Amino acid sequence: MNASPTVVVIPGDGIGPEVIDAAVRVLREVLGGELELEERRAGYRLWKEKGVTIEEDTIEACREADAVLFGACTTPEDPEAESPIVRLRRELDLYANVRPARSWPAPRPVEAEFDLVIVRENTEGLYVGCECEVHDGVTLALRKISREGARRVAEVACDLAEERDGRVTIVHKANVLKLTCGTFKRAAIEAIEARGLEWDEEYVDAAAYRLVREPDRFDVLLTSNLFGDILSDLAAGLMGSLGLAPSANVGDEHALFEPVHGSAPDIAGKGIANPLAAILSAAMMLDWLGYEEEARAIERAVEATLRDGVRTPDLGGRASTEEVTEAVLSRLREG
Ligand code: NAI
Ligand code: MG
């Protein structure tokens, strides 16, 4: 990675700009001027102004940057309006969505201590959006699973399992979806065994049940697009809030980091959005750019902030976005 990486920052709509502002302040605190940040617009407001949710030169800028930091965009109801994040995932071929979940010192629905990561295939599955009406009142959606698609996302899960000295759990439903899930499962097993790593498997319904009861049993979960989308919100629930859930969208050439949550119009503008998911996404970005120490420092500051009870209302606290951000910044300064 070059000495001064370039990051395209897309705050988006709703609470997007509020939480991205917090993340950028944290990045500035740990790296000073070492990052070159280039802010770009995308989302609902751009759509209302210009009739597009993201501009071509923004996509080009993302392609040229070392990484992208994305807030959240409100999806316009107009069927012509494409979701900017879906477009970026496709354009940059960000085929793996990495969503870590761990037990932070905050109120949680289950007591167990856990530290897991969901690796979701990000470009295929049911989300290829290939739907049709067969005849009146009967509709179909196609689910694409390719051997190569499964293999390459499995490699990302293997990298994580290796780093964590852990095991990959393949989550599927091959007892019913024999062909598609069967392909996913076989390609994953082949990739994992070639790397000499341990694996096991779980049907997606059983995995949901077990995640709630024994989240500590899991390490790296590898799954297809829809299953991963649903299970990662479940995992966010286990952490106590979506406001704690960061993510990375990675491919061979590019990477984009974003909180799992959306633009949260219900709380936008109130100054109470939890900025930690965005701040932890920025930490994941630093990891990816090679600033591991700085990434760990941010995680420690987040942990200390939560432990000290500085929490936004989604975690049962009374602190504002600003107060939580300041708390993280001051703990970073204290080292
Ligand atoms: P959402 O994630 O925006 O909100 C779900 C619930 O969680 C709301 O009650 C919200 O207040 C709360 N919440 C989310 N993030 C929070 C935070 N940081 N702090 C405190 N509370 C938080 O999902 P929703 O309501 O389904 O979607 C709202 C809009 O966002 C929609 O237009 C949707 O299409 C879009 N969206 C965009 C995404 C993206 O750009 N990556 C991802 C998900 C949704
Ligand atoms: Mg989702």
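Numbering of ligands and ligand atoms starts at 1, following listing order. What's counted below: heavy atoms across the whole structure, side chains too, no hydrogens, waters or symmetry copies. Treat the numbers as computed from the prediction; the structure is a model and nothing was measured. Sequential numbering from 1 along the given sequence is applied to the chain's residues.
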Out of Cys73, Ala72, Ala245, Gly16, indicate the one that has the non-hydrogen atom closest to atom 35 (C) of ligand 1.
-> Cys73
Ala273 heavy atoms, cut-off 4.0 Å: which ligand 1 atoms fall inside?
-> 19 (N)
Taking only heavy atoms of Ile15 into account, list the atoms of ligand 1 that are under 4.0 Å away from them.
-> 15 (N), 16 (C), 17 (C), 18 (N)
Could you state the interatomic distance from OH (Tyr203) to CG (Asn175), rounded to the nearest 0.5 Å?
-> 4.0 Å
Taking distance alone, with no angle check, do Gly262 and ligand 1 share an N/O pair under 3.5 Å?
-> yes
Is the NZ or CZ atom of Arg164 positioned over Phe218's six-membered ring, under 6.0 angstrom from the centre and within 45° of the axis?
-> no
What atoms of ligand 1 come closer than 4.0 angstrom to any heavy atom of Thr74?
-> 32 (O)
Return a yes/no value for Asn274: is any of its N or O atoms, backbone included, closer than 3.5 angstrom to an N or O of ligand 1?
-> yes
Side chain to side chain contact (heavy atoms under 4.5 Å, CB included) filter on Leu140, not counting sequence neighbours, yields Cys132, Val134
Is the closest heavy atom of Phe70 to ligand 1 under 4.0 Å?
-> yes
Would you indicate which of Thr75, Ile10, Val19, Leu242 comes nearest to atom 32 (O) of ligand 1 when only heavy atoms are counted?
-> Thr75
Joint hydrophobic cluster, Val153 plus Leu88, side-chain heavy atoms closer than 4.5 Å = no
Between CG of Asp93 and CG of Asp252, what distance do you get to the nearest 0.5 Å?
-> 7.0 Å
Any Thr312 heavy atom less than 4.0 Å from ligand 1 = no
For Glu258, take its heavy atoms, then give the atoms of ligand 1 lying under 4.0 Å from any of them.
-> 41 (N)
Verify whether one side chain among Glu124 and Ser146 offers a donor that lies under 3.5 Å from an acceptor in the other.
-> yes
Run the contact test for Ala277 against ligand 1 with a 4.0 Å cut-off on heavy atoms, strictly below, and give the result.
-> no
Under 4.0 Å to a heavy atom of Pro265 - the qualifying atoms of ligand 1, by number = 28 (C)
Looking at OG1 of Thr169 and CG of Leu222, how far apart are the two atoms once the value is rounded to the nearest 0.5 Å?
-> 9.5 Å
For the pair Leu238 and Arg108, evaluate side-chain contact (heavy atoms from CB on, under 4.5 Å) and give the outcome as yes or no after the intermediate values.
-> CA-CA 6 Å; Leu238 287 175; Arg108 302 190 299 277; over 6 Å; no
